[in-house]
Number of protein chains: 2
Amino acid sequence: MPCVYTVKHASALTGIPADTLRMWERRYGVVAPIRSEGGYRLYDDAAIARLTAMHALVGAGWSARRAAEQVASGTTLGPLGDEPEEPAAKSDDLDLLVRLTEDLDAATLTRSLDEVFARTDFETFADEWLMPALLRLGQAWHRGEVSVAGEHFVSAGVHRRLAAALDAVPPHAGAPRVLVGLARGSRHELGVLAFSVALARAGIDVVYVGGDLPPDSWVVAATTQRPAAVVIGVPAAEDVPAVRDTVAALASARPELLVLLGGGHQERVNAGELLGHSLGAAATSLAGRLTADPA
Amino acid sequence: MPCVYTVKHASALTGIPADTLRMWERRYGVVAPIRSEGGYRLYDDAAIARLTAMHALVGAGWSARRAAEQVASGTTLGPLGDEPEEPAAKSDDLDLLVRLTEDLDAATLTRSLDEVFARTDFETFADEWLMPALLRLGQAWHRGEVSVAGEHFVSAGVHRRLAAALDAVPPHAGAPRVLVGLARGSRHELGVLAFSVALARAGIDVVYVGGDLPPDSWVVAATTQRPAAVVIGVPAAEDVPAVRDTVAALASARPELLVLLGGGHQERVNAGELLGHSLGAAATSLAGRLTADPA
DNA sequence: CGAAGCTTGTCCACTCTTTGTCGAAGGTCT
DNA sequence: AGACCTTCGACAAAGAGTGGACAAGCTTCG
């Protein structure tokens, strides 16, 4: 098979205009193709690889000079034949998470999430894209259509994105405090984490305690911290008994404490107050109740 | 490696508008980025760390001037004559995490972590502060000195900080790919997440799959993704059997695959290659091996 | 209490740098 | 001969630098 390519061929392979190809060589020396006797450039596979790498970096927002330095300093010796393809411009792609499980590429994952995330405010993003997309991902996972590793990889990426959003909320001194987390055994944090972000953005001092918190610890935290309310997620049917235990323990220890439930199976607990299934609306409504009535 | 970032990148990484970035430099001299030939600012990792620390302080209610002084006094000043050096008493407070469990204050948690984080480069931070501090936290937890909710709360905060650090590493196109995660049943992600950050900073394309990944899924991922190596954390003694199963499954499916173990109980697995207990050294050494030998 | 003053983030105008693209003049390949 | 390539200069749009201006918030003083 041919191992050398002319400019036109290289341009077609990389998707970079031939003019730009020559300019990158002249200005940054990112490649140095050998020449034919007549002076024509002859690119080999390594050159194509470096050019695709540089193209990807530039597409990710790097300046051409930095990208060239990165490609030149970074070891680009890998025997890679894969080519990062352009993500099609889409407006409402709920299967994006499912697709991202196939090719475990951290850069693409981060970039795709950033794009979706930046399209609108957080509450709309969470209600109209994130939760439906996570539902699709869960369904595909149950059908065995995505690998467990892929699901873990994408979930970890979404977790990172939500965590960054939570840390990015400026703190509200003196705001009512709300404890948010999952009951013992519950480990699907994504929904309750997204709700924490929305609640913090609504002006609440959120104490996010994560998943798998036993009933006793809920009681201890609710007693020592004196939160204005407690939010427990019910992401799965098998979490219902543990949530029921937790709500009962909290009710007996602090009967006046406001205990709210969220998540897909909140109705099956038959205790506590329900937040409903609109994350943004629930967060603003709860924040309104707590700040209006500081009793 | 010492990556440099343009204003746009620095702004994206820190969440601070580019205008404010320049203003903080002009008014308070909190950073002094080197310039390109054309005069463009080039921020390094230390500058990004100082800016995030200052951002956190300002977000916590500090005035910009005080925050800048705090950040400047906490680290060594580079460009100009050395200030009257005050080695603050808080130089290596390993019990900080334990104290933070008492009062579940999200703002204090974030600010404290940012301050410690900004004191040095990530590898030193991880080896000399984070891992020892997590060990102290675990010991205090076993002695019953910290509440479970407090431990969860602080762990979630550290998780967020590490996640942000992982997402902040620029992608290395064409770099060797390494799968990093925990075996089935393992759920203590903090150590393996910190290692992922160090490995990504060393130029590796890290695929972080998180915790609780069954052996079959490890095999599927290692087969379809063809990583150059696989890193499995062994954070607790009870994780040893699951790790052993995973290593055995990987060895039978892909005998030539490089499988490495990290974490406190790596020695007890009696299989795979050991990474040792210096996180930074292990990351750079592994990255060196993989980039030098692309086979 | 109001006015003056300081702080701080944002905006604007203007200049310089970077970068992709184009055209002209001429050489190479089939 | 015609299609393709090379070098070089020029150029416009985007991005980034500088310094000044300004409004909102807070402090201080009369």
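Each chain gets a letter, A, B and so on, in the order its sequence line appears, and its residues count up from 1.
- Using a 4.0 Å cut-off, some side-chain N or O of B:T20 falls inside it from OP1 or OP2 of C:dT10.
- Considering only side-chain N and O atoms, B:R22 lies nowhere under 4.0 angstrom from the phosphate OP1 or OP2 of D:dA16.
- Rounded to an integer number of Å, the gap from B:R65 CZ to C:dC6 C1' is 10 Å.
- Here the P atom of nucleotide C:dC12 and the CE atom of B:M23 are 14 Å apart, to the nearest Å.
- In terms of phosphate contacts, A:W24 brings a side-chain nitrogen or oxygen within less than 4.0 Å of OP1 or OP2 of C:dG20.
- In this structure, B:H55 places its NE2 atom 16 Å from P of C:dT8, rounding to the nearest Å.
- Minimum atom distance to the side chain of B:K8 is reached by D:dG15, of the listed D:dG15, C:dT10, D:dC5.
- For the pair B:S63 and C:dT8, the criterion of a side-chain N or O lying under 4.0 Å from OP1 or OP2 is met.
- Side-chain contact check for A:L190 versus A:H159: some heavy-atom pair is nearer than 4.5 Å.
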With salt bridge (Lys or Arg N to Asp or Glu O under 4.0 Å) as the criterion, how do A:E25 and A:R22 come out once you've worked through the C-alpha distance, each side chain's angles and the decisive distance to 0.1 Å?
CA-CA 5 Å; A:E25 176 187 338; A:R22 281 187 283 260; over 6 Å; no
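- Nearest to the side chain of B:R26, among C:dC29, C:dT21, D:dG19, sits D:dG19.
- B:R35 has a side-chain polar atom (N or O) that falls below the 4.0 Å cut-off from OP1 or OP2 of D:dT18.
- No contact: A:R66 has no heavy atom under 4.0 Å from any strand.
- A heavy-atom distance below 4.5 Å is not found between the side chains of B:W24 and B:V31.
- Out of C:dG9, C:dG20, D:dT6, the shortest distance to the side chain of A:R27 is found at C:dG20.
- Between the side chain of B:R41 and the base of D:dG17, no donor-acceptor pair of N or O atoms lies under 3.5 Å.
- Of all the heavy atoms in A:S196 and A:L166, the pair that sits closest is O-CD1, 4.0 Å.
- In this entry the distance linking CD of B:E37 with C1' of C:dC16 reads 14 Å, nearest Å.
- Distance, A:L21 CG to D:dC4 P: 17 Å, rounded to whole Å.
- With a 4.5 Å cut-off on side-chain heavy atoms, A:Y43 and A:V7 count as touching.
- The interatomic distance linking A:W62 (CH2) with C:dT18 (P) rounds to 18 Å, in whole Å.
- The side chain of B:Y28 contributes an N or O atom lying less than 4.0 Å from OP1 or OP2 of C:dT8.
- Spacing between atom CD of B:E25 and atom P of D:dG17 amounts to 9 Å, rounded to whole angstrom units.
- A sub-4.0 Å separation between OP1 or OP2 of D:dC5 and a side-chain N or O of A:T6 is present.
- One interatomic measurement links the two molecules: CD of A:E69 to P of C:dT18, which rounds to 12 Å at whole-angstrom precision.
- For D:dG17, the base has no donor-acceptor partner in the side chain of B:Y40 [N/O atoms by modelled type, under 3.5 angstrom].
- Between A:E189 and A:Y208, some side-chain heavy-atom pair lies under the 4.5 Å cut-off.
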